[in-house]
Amino acid sequence: MKKMVLAFGGMFLAAFLMTGCAGVTSYQGAPGPVFLGSNLYTNVSGNTMVQPITSDFTVVKHNVTASAKMMSIFTCINMGDISYATLKKEALASAPGADDLVDVRMDYTMNNILGINEITVNLTGTAVKFE
């Protein structure tokens with residue numbers, strides 16, 4: 001009986017350590033990590049496009065860019081800011097006088113090795129001024 005309990009306990013522990021779910025979700029154009037279970041290795045990438053604005057505007061600068069990173073250690077300690085607001089502020093800083101971004105594209109990659117996750121987000125868009 002003890003051997004059976006140890007065998008099932010060992011199989012359960014192995015299944016817990018070897019399985020997991022990781023991904024990058026998108027909510028209104030802003031990527032956010034999803035980590036469930038323990039992750040030993042993950043390499044995920046994806047992209048998001050924010051819908052263009054249809055009001056009247058003047059293009060200030062094409063192809064403004066911004067980049068941000070976030071690191072998560074065992075999903076307990078999270079450092080960094082990959083929010084859309086932060087990326088938008090950085091991109092607009094390179095185009096003085098612009099009010100907003102249109103035709104926004106966000107590419108992100110996530111690497112996970114033994115529970116240490118790093119997410120990099122790159123934003124590209126067109127800086128505009130509303131009329």
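Starting from 1, each residue takes its place in the sequence as its number.
You'll find the side chain of I119 stays beyond 4.5 Å of the side chain of T109, heavy atoms only. A 4.5 Å side-chain heavy-atom check between Y108 and T120 finds every atom pair outside the cut-off. Looking at T124 and N63, their side chains come closer than 4.5 Å, going by heavy atoms from C-beta outward. K69 places a side-chain heavy atom less than 4.5 Å from the side chain of E118. Two residues are said to be in side-chain contact when any heavy atoms from C-beta on lie closer than 4.5 Å; V104 and L123 meet this criterion.
Residue T86 holds its OG1 atom at 3.0 Å from CG of D81, rounded to the nearest 0.5 Å. With rounding to the nearest 0.5 angstrom, the CG atom of N122 is 11.0 Å from the CD1 atom of I82. Atom OG of residue S67 and atom CD of residue E90 lie 7.0 Å apart, to the nearest 0.5 angstrom. Between the CG atom of N117 and the CE atom of M71 there is a distance of 8.5 Å, given to the nearest 0.5 Å. Put simply, CD1 on I116 and CD1 on I73 are 6.0 Å apart, with the number rounded to the nearest 0.5 Å.
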>> Between M106 and L87, does the side-chain contact (heavy atoms from CB on, under 4.5 Å) criterion hold? Intermediate values first, please.
In response: CA-CA 10 Å; M106 296 174 73; L87 291 164; 3.6 Å; yes
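No donor-acceptor distance shorter than 3.5 angstrom exists from the side chain of K61 to the backbone of T126, with no hydrogens or angles considered.
Here D100 does not pair with K129 in a salt bridge; the nearest charged N to carboxylate O distance is not below 4.0 Å.
Counting all heavy atoms, side chain and backbone alike, L92 lies closest to A98 at CD2-CB, 3.8 Å. In plain terms, the two heavy atoms of A95 and V64 that are nearest each other are CB-CG1, 4.1 Å.
The cluster map of Ile, Leu, Val, Met, Phe, Trp and Tyr, joined by side-chain heavy atoms under 4.5 Å apart, puts F130 and V59 in the same cluster.
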